[in-house]
Structure formats: C-alpha cells, structure tokens
Amino acid sequence: MANIRIKNLCKSYKGTTNAVNNVNLEIADKEFVVLVGPSGCGKSTTLRMIAGLEEISSGEIWINDRLVNNIPAKDRNIAMVFQNYALYPHMTVFENMAFGLKLRNYPKDEVLKRVHEAAEILGIKPYLERRPRELSGGERQRVALGRAIVRKPSVFLFDEPLSNLDAKMRVLMRTEIHKLRMRLQTTFIYVTHDQTEAMTMGDRIVVMNKGLIQQCADPMTVYDKPVNKFVASFIGSPPINFMTGQIIKKGPKYFFHEGKFQVKLVDTMYPKMAPYSGRDIIMGVRSEDIYDKLFASEASPDNTVRATCEVVEPLGSEVYLYLSCGKHGFIARVGAHDRPQVNHDMDLVFDMSKVHFFDPKTEETII
C-alpha cells in the first residue's frame, strides 16, 4: 500500500536546462498512473528519481508520508521493471527471480514459495529451469515482472517495459499487466512514449513535454479536453488535424475561414470565439470527426468541405483517407465500406461540435 506525493521536483544537468522542471503530482494508493510524452520530456528521469536511481536536484518525494529524498533505492520498498529486462544471462529463470530475495537473506522456503507464486501468476512455471536466451521476448518480460512481484513492493515502477516487443506481444502484455494490477492491488507508475499504452492502461495520464507536466487527468478527459495544442497533438492516433485560418463574423454567425473553405462554428462557441473575430487561429479536428458526406446524417453547406482524396489506406475495420484542401492536408478515419477513388474530389462533413480552437501565440486551448 502506498501513496506518493511529489513536490516541486527538479532535475538539472551541467550545461543543460532542467530535464525535470517543478513537477508536482499526487498518486493515490492502488492508482495506476502513466507518464507519457516524447523522448527527452523528463518522464523516465522522474521515474528514476522516485526509484532512488537518480539524484534529485531540488524538491521532495514522499512515499506513505515518509520523505525519501535521502533514502537509498533498496530501502524504498519499490520494484522497477526496465525496458531491457536486465536479466542475468547465466542464471536460470528461478535464480533471476530469487536473486533479490537471496540478497536480502530471505529463508529458502520463503524464496521458493514466493518465486513459485509469482511464476504461477505469470504462467512461467514451465520455464523456471531455463535461461533467458531460451525464452521469447514476452517470456523474458514476464520473468522481469516476476522478479519484481516476489519482493511484494508497495510501488511498481515500469520504464517503457513493452517497447522491445512486437505489436501483437505488446497488446498481450498490456492485458497481462492489467490483470496483474487487479490481482496485486498496489500502486503502479508506468512510463511510455506510446500514447495507445497510456490511453488503455492508466487511471490517469500525466502528459509531459520539455520537463513540464502539460496535463494530468483521466484518459478520456485528456483526449476530449486537451489543455493545449501539444496535448491535442500527442494524444490520439492518427494525430489530430490542425488547420490555420481566421475567425470571421457574418451577421450573427461566426465562421472559421481557411482561405479555400469555411465552416460555421456551433452557436455555443460564439461567446468564447467572439474576441478572436478577424484574428488568426488554429482549428483542430480529429480524424473520426470528419465524415464522407455520402454517409453523414447532418450535412449542410455550413459544415461541408470539398477536398481531394490523395491516398486511401484500408486497415480492415476502418479506412484512413489522406486528403488535401487549400493549404492543408488532413486525415479522415471512415468506415471500411467507404473507399473513394484516389485523386478525385469528395465532400466531407466536419462535426463542428467536436472541434478545438487554439490560440496561435500561446497554443493554449480556447475551446
């Protein structure tokens, strides 16, 4: 059982700006929190400072109301699972899993019991006498998980543990980690650059960039209500489409005008968008919120755009359309039945109730 409080956490290296800059975060007992962001954003450094593997430049880390800044990693009751598994090649699976317990002088019968319990949970009992080189990538990752489980830590830390696995195995291991979390009922902190992992695994997502927390919320809030352009662009696959243009007013109505096309804003947006009338702005619309007019139920001249279909990318259950209109290219995600001809024009409907607008200077979300 563990709750974690991080206060004003910073990490700087000589000759560089802060790798982690004033991070504040509270993680509840039994919560699964995912730190996500591009390479170099500070997520792994933050994790390593929680683990005690990286020295803190300033700030505080509290685990169960105990300040752990100066407590060695081995005394924090934390287990960490790494990207490269970090298994000893000359040891068997059993010896790898038991190694940490033996270092702590656990009785032999307790070591045996814990290793077999963890192997049973992870389905690796048949492999206990094998060495790492005799295992697949997924089996090695299970061994790394087992080595963490046997210690019965209060916090599990995962540093991009699935990045070395193929796509199918990543999906399977995500499920395994989910099951493990439900069974162990302890605190998980998980680092990844893969926004799909973040969306599917975390109770909360902490989106980081350039050492700063950009947004911390449950996955759907981050997806539906990004606080800025960076979060909107990082979360979602394919990425959100951005278009630059101007807000123009025609009578009582407001429109987004790109140059070659214009679409009307939803009436409820008027109060927030009125100050931007006549000004440049960035509109963001996700691929699933752009429909082929032939299959759209609420098409009108106010929300329809004519674009050229340049690429059709079938993915089985859905199709990605790569389109161009004016000075912008964008992607629409449509049903498997919808396969327009390449290099032909088509009419597309924007769901204007779901678009986002961003200030071009601050990149903060307006709506």
Has [X] got a side-chain atom pairing as donor or acceptor with [Y]'s backbone, closer than 3.5 angstrom?
X	Y	result
Ser163	Glu160	yes
Gln195	Gly236	yes
Arg114	Val150	yes
Arg170	Leu165	yes
His328	Gly326	no
Thr365	Ile367	no
Asp29	Thr187	no
Lys327	Glu258	yes
Asn24	Asn8	yes
Ser154	Asn77	yes

Atom pair [atom1]/[atom2] of [X] and [Y] - distance to nearest 0.5 Å:
X	Y	atom1	atom2	result
Met199	Ile205	CE	CD1	5.5 Å
Thr45	Leu53	OG1	CG	11.5 Å
Asp166	Met173	CG	CE	11.5 Å
Ser287	Ile331	OG	CD1	6.5 Å
Glu310	Asn343	CD	CG	7.5 Å
Arg306	Lys293	CZ	NZ	8.0 Å

If we only count heavy atoms from C-beta on, is the [X] to [Y] side-chain gap below 4.5 Å?
X	Y	result
Arg204	Val222	no
Pro238	Tyr320	yes
Arg104	Arg151	yes
Lys11	Asn18	no
Thr46	Glu54	no
Asp218	Asp203	no
Met49	Leu9	yes
Ile281	Thr244	no

Identify the two heavy atoms, one from [X] and one from [Y], that lie closest to each other, and give their separation to 0.1 Å.
X	Y	result
Ile50	Ile63	O-CD1, 4.4 Å
Arg76	Ile71	NE-O, 2.9 Å
Leu348	Ala307	CD1-CB, 3.7 Å
Pro340	Leu321	CD-CD2, 3.7 Å
Val206	Cys216	CG2-SG, 3.7 Å
Asn69	Gly59	ND2-O, 2.8 Å

Can you tell me how the ring of [X] sits relative to the ring of [Y], calling it parallel under 30°, perpendicular over 60° and tilted otherwise?
X	Y	result
His356	Phe358	tilted
Phe295	His337	perpendicular
Phe256	Phe261	tilted
His178	Phe32	tilted

* Identify, with sequence neighbours excluded, every residue that meets ring pair (Phe, Tyr, Trp, His ring centres under 6.0 Å) alongside Tyr88. =>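 Expected list: Phe99.
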* To do: Please assess Glu197 against Tyr190 for the test side chain to side chain donor-acceptor pair (under 3.5 Å), listing each intermediate value before the final yes or no.
  => CA-CA 9 Å; Glu197 284 182 26; Tyr190 190 102; 2.8 Å; yes
* Asked: Should Glu26 and Arg5 be marked as a salt bridge (charged side-chain N to carboxylate O under 4.0 Å, His left out) after you check the CA-CA gap, both sets of side-chain angles, and the distance that decides it?
  -> CA-CA 5 Å; Glu26 292 196 12; Arg5 284 183 294 131; 5.3 Å; no
* Charged N to carboxylate O below 4.0 Å: is that the case for Asp224 and Arg286? ->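 No salt bridge links Asp224 with Arg286.
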* Within 6.0 angstrom of Glu364 CD, more than 12 heavy atoms from elsewhere ->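 More than 12 heavy atoms, drawn from other residues, nucleotides or ligands, come within 6.0 Å of this atom.
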* So with a 6.0 Å cut-off around CE of Met220, is the heavy-atom count from everything else above 12? ->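 Enclosed: over 12 neighbouring heavy atoms sit under 6.0 Å from CE of Met220.
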* Candidate list Val285, Asn303, Asp289, test side-chain contact (heavy atoms from CB on, under 4.5 Å), partner Val355, passing option ->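 With Val355 as partner, Val285, Asn303, Asp289 yield a single side-chain contact (heavy atoms from CB on, under 4.5 Å), made by Val285.
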* **Candidates Ile4, Ile189, Leu35 - the one meeting side-chain contact (heavy atoms from CB on, under 4.5 Å) with Leu25** =>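 The option that passes is Leu35.
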* Asked: Tyr254 ring centre to Lys264 NZ or CZ under 6.0 Å, with the angle to the axis within 45°?
  ->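 Checked: cation-pi criterion not met.
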* Asked: Are Lys249 and Phe255 in a cation-pi contact, defined as NZ or CZ under 6.0 Å from the six-membered ring centre and within 45° of the axis?
  ->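 Geometry flag: not set, cation outside 6.0 Å or 45°.
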* Partners meeting side chain to side chain donor-acceptor pair (under 3.5 Å) with Asn22 (sequence neighbours left out) ->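 Asn22 satisfies side chain to side chain donor-acceptor pair (under 3.5 Å) with no residue once adjacent residues are dropped.
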* Pairs satisfying side chain to side chain donor-acceptor pair (under 3.5 Å), at least one member in residues 121-131, at least two apart ->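 Side chain to side chain donor-acceptor pair (under 3.5 Å) check on residues 121-131 returns Tyr127-Glu139.
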* Are the aromatic rings of Phe230 and Phe234 close, with centres under 6.0 Å apart? ->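 Between Phe230 and Phe234, the centre distance is under 6.0 Å.
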Among side-chain atoms of [X] and [Y], is any donor-acceptor pair under 3.5 angstrom?
X	Y	value
Asp359	Tyr276	yes
Asp159	Ser44	yes
Tyr85	Gln141	no

* Could you go through the side chain to side chain donor-acceptor pair (under 3.5 Å) check for Asp194 and Thr192 one step at a time? => CA-CA 5 Å; Asp194 185 331; Thr192 182; 5.3 Å; no
Taking [Y] as the starting point, is it possible to reach [X] by hopping between hydrophobic residues whose side chains are less than 4.5 Å apart?
X	Y	answer
Phe350	Leu323	yes
Val312	Ile290	yes
Leu87	Leu162	yes
Val171	Leu145	no
Val227	Ile235	yes

* I would like to know whether Asn21 and Cys10 meet side-chain contact (heavy atoms from CB on, under 4.5 Å); could you show each step before the answer? => CA-CA 5 Å; Asn21 191 2; Cys10 295; 4.3 Å; yes
